[in-house]
**Student:** 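I am attaching a structure below and will ask some questions about it afterwards.
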Amino acid sequence: MSKRSRPSAPRVEPVPGEPAATATIGTERALLITDYHAGYEAGLRDERGVDIPSRAPERRERLCSLLKRTDPDRLIVLGDLMHSIGDPGGAERGELEVLFESLPPTLDVTVVKGNHDGRIETWLTGGDDPTLETKSVTVVPGDGIALGDAAVGVCHGHTWPAPSVLECDVICLGHEHPCVRLEDEIGGRRIERAWLRGRLNPAPFRDRPEYDGIPWLEQGSDSSPRVIVMPAFNDLVGGTWVNLSEQSFLSPFLPSGLASADVYLLDGTRLGPYESV
């Protein structure tokens, strides 16, 4: 895939109608997804006794269609590519092997380790079992990395971000699976996957010594990084109903780490501040 001339300013834009975003970082274009949870149906059967048909082919087709639609140089998975906590099981590993065989051969892939990704690096990058050694796959820690010249930071969200991530202009994370519960005037209800977009609040980060010296922590929320909490790619996994006050968040720095955040549906509809939806 050829490299193209692109703006150097960081831009992260949701793909309309999809739980995915594109990030333009220098001359590289990346497709960002999170919480793919390969093998989720097998997990439901083993953990809860719920037996539903595998949607692995549908997940793979959706991702491959997104790659064709957005034509990225890199695919970045913000954690929980797989569902099992330890090593991937048969159905799960099979799903991922078929998925990677379906990806364009020139596509670079970066996987941020989520809390469900276990020892994924031991076989995904050709460690103990070089299954995918012909692919350009990089696995990075769950606290994340900075992309480009500190333009965009990515992490999973189940741990506190790396200092380099907090020094970025825009921070993208997963793990939370944000959703909203919507009700109509006659009492009908539905759950929709959603985006949270806003700015970080310095307060919960200031007392952590690993963040000493990060300028915006002393300057206040007006200068803090923009933050994007991405919806789960897997539409079966449920999530945090962010517009219900009694619903607790999963990430250790949310919601206290949000100075402000608006909710957006996948189609781009802005619902307003998440607390008042």
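Keep in mind the model is a prediction, meaning the values are calculated, not measured. Index from 1, following the sequence.
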**Student:** Under 3.5 Å, side chain of D35 to main-chain N/O of H177, donor-acceptor pair present?
**Tutor:**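 No; judged by distance alone, with no hydrogens or angles, the pair does not exist.
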**Student:** Report the C-alpha separation of R69 and V15 in whole Å, then their side-chain angles, then the decisive distance to 0.1 Å, and conclude whether the side chain to side chain contact (heavy atoms under 4.5 Å, CB included) test is met.
**Tutor:** CA-CA 9 Å; R69 177 177 171 184; V15 179; 3.5 Å; yes
**Student:** If you take all heavy atoms of T24 and R29, which pair is closest and at what distance?
**Tutor:**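 Heavy atoms only, the tightest pair is OG1-NH1, 4.2 Å.
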**Student:** If you draw the axis of the six-membered ring of F233, does the NZ or CZ of R62 fall within 45° of it and under 6.0 Å from the ring centre?
**Tutor:**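 Yes, a cation-pi geometry.
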**Student:** First locate atom CG of L66, then atom CD of E18, and finally report the distance between them rounded to the nearest 0.5 Å.
**Tutor:**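 If I round to the nearest 0.5 Å, the distance is 4.5 Å.
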**Student:** What distance do L182 atom CG and L265 atom CG have between them, rounded to the nearest 0.5 Å?
**Tutor:**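 If I round to the nearest 0.5 Å, the distance is 6.0 Å.
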**Student:** Using atom types as modelled and distance alone, determine if a side-chain donor or acceptor of R193 lies under 3.5 Å from a backbone N or O of A232.
**Tutor:** yes
**Student:** Check the pair T110 / V77 against side chain to side chain contact (heavy atoms under 4.5 Å, CB included), numbers first and verdict last.
**Tutor:** CA-CA 6 Å; T110 297; V77 183; over 6 Å; no
**Student:** Starting from I214, can I reach I171 by hopping between I/L/V/M/F/W/Y residues whose side chains sit under 4.5 Å apart?
**Tutor:**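 Yes, one cluster joins them.
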**Student:** Measuring from atom CG of D108 to atom CD1 of I76, what distance do you get when rounded to the nearest 0.5 angstrom?
**Tutor:**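 Here the interatomic distance stands at 10.0 Å.
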**Student:** Can you find a pair of side-chain heavy atoms, one from W195 and one from P178, that are under 4.5 Å apart?
**Tutor:**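 No, their side chains stay 4.5 Å or more apart.
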**Student:** Hey, is the main chain of G198 close enough, under 3.5 Å, to the side chain of S260 for a donor-acceptor pair?
**Tutor:** no
**Student:** For V98, does its backbone N or O pair with a side-chain atom of S102 as donor and acceptor, under 3.5 Å?
**Tutor:** yes
**Student:** Are L236 and R55 close enough that some pair of their side-chain heavy atoms sits under 4.5 Å apart?
**Tutor:**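 Side-chain contact under 4.5 Å: yes.
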**Student:** About how many Å separate CG of L166 and CG of L217, when rounded to the nearest 0.5 Å?
**Tutor:**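 The CG atom of L166 is 6.5 Å from CG of L217, to the nearest 0.5 Å.
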**Student:** Do Q247 and T240 have side-chain heavy atoms sitting under 4.5 Å apart?
**Tutor:** yes
**Student:** Please step through side chain to side chain contact (heavy atoms under 4.5 Å, CB included) for the pair M82 and I120, ending with a clear verdict.
**Tutor:** CA-CA 8 Å; M82 67 184 200; I120 193 170; 4.2 Å; yes
**Student:** Would a distance-only check, ignoring hydrogens and angles, find a side-chain to backbone donor-acceptor pair under 3.5 Å from E121 to V139?
**Tutor:** no
**Student:** Show your working on salt bridge (Lys or Arg N to Asp or Glu O under 4.0 Å) between E192 and R190 and close with a plain yes or no.
**Tutor:** CA-CA 7 Å; E192 295 279 354; R190 73 180 194 275; 2.7 Å; yes
**Student:** Hydrophobic cluster membership, with links at side-chain heavy-atom distances under 4.5 Å among I/L/V/M/F/W/Y: are Y211 and L254 in one?
**Tutor:**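 Yes: a chain of side-chain contacts under 4.5 Å links Y211 to L254.
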**Student:** Would you call the rings of W160 and F205 parallel, tilted or perpendicular, where under 30° means parallel and over 60° means perpendicular?
**Tutor:** perpendicular
**Student:** Using the rule that two of Ile, Leu, Val, Met, Phe, Trp, Tyr join whenever any of their side-chain heavy atoms come within less than 4.5 Å, decide whether V109 and L67 are in one cluster.
**Tutor:** yes
**Student:** Provide the closest heavy-atom pair for T34 versus H175 in the form atom of the first, atom of the second, distance.
**Tutor:**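 Shortest heavy-atom separation between T34 and H175 comes out as OG1-N, 4.1 Å.
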**Student:** With no hydrogens and no angle check, do the side chains of T159 and D143 hold a donor and an acceptor under 3.5 Å apart?
**Tutor:** no
**Student:** Step through the shown structure and confirm whether more than 12 heavy atoms of other residues, nucleotides or ligands are within 6.0 Å of CG on D212.
**Tutor:** yes
**Student:** Report yes or no: does N115 contribute a side-chain atom to a donor-acceptor pair with the main-chain N or O of H158 at less than 3.5 Å?
**Tutor:** no
**Student:** SG/C179 to CG/L196 distance, rounded to the nearest 0.5 angstrom?
**Tutor:** 10.0 Å
**Student:** Is any side-chain heavy atom of P225 closer than 4.5 Å to one of D169?
**Tutor:** no
**Student:** Could you check whether E61 pairs with R59 (Lys NZ or Arg NE/NH1/NH2 to Asp/Glu carboxylate O, under 4.0 Å)?
**Tutor:** no
**Student:** For the residue pair S224 and L200, what are the closest heavy atoms and their distance?
**Tutor:**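 Where S224 meets L200 most closely, the heavy atoms are OG-O, 2.7 Å.
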**Student:** Could you tell me which non-hydrogen atom of P202 sits nearest to which non-hydrogen atom of W216, and how far apart they are?
**Tutor:** CA-CZ3, 3.7 Å
**Student:** Considering all heavy atoms of both residues, which atom of P273 and which atom of R270 are nearest to each other, and what is their separation?
**Tutor:**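 Taking every non-hydrogen atom into account, CD-NH2, 4.4 Å.
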**Student:** How far apart are the C-alpha atoms of V154 and L173, what are their side-chain angles, what is the distance that settles it, and do they pass the side chain to side chain contact (heavy atoms under 4.5 Å, CB included) test?
**Tutor:** CA-CA 6 Å; V154 293; L173 61 133; over 6 Å; no
**Student:** So, does S54 use its side chain to make a donor-acceptor pair with the main chain of A56 at under 3.5 Å?
**Tutor:**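 Side chain of S54 to backbone of A56, a donor-acceptor pair under 3.5 Å: yes, one is there.
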**Student:** With distance as the sole test, does E176 use its side chain to make a donor-acceptor pair with the main-chain N or O of L250 at under 3.5 Å?
**Tutor:**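 Side chain of E176 to backbone of L250, a donor-acceptor pair under 3.5 Å: yes, one is there.
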**Student:** Nearest 0.5 angstrom please: L99 CG to L81 CG, how far?
**Tutor:** 7.0 Å
**Student:** Could D80 and K113 be called an ion pair, given the rule that one side-chain N must be under 4.0 Å from one carboxylate O?
**Tutor:**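 No.
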**Student:** Are the ring centres of H116 and H156 closer than 6.0 Å?
**Tutor:** no
**Student:** Where the side chain of N243 meets the backbone of R181, is there a donor-acceptor pair that is under 3.5 Å apart?
**Tutor:** yes
**Student:** Check this for me, if you would: do E28 and R74 make a salt bridge, where the nitrogen-to-carboxylate-oxygen distance has to be below 4.0 angstrom?
**Tutor:**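 Here E28 pairs with R74 in a salt bridge, since their nearest N and O are under 4.0 Å apart.
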**Student:** If you look at every heavy atom in V12 and A21, which pair is closest and at what distance?
**Tutor:** CG1-CB, 4.1 Å
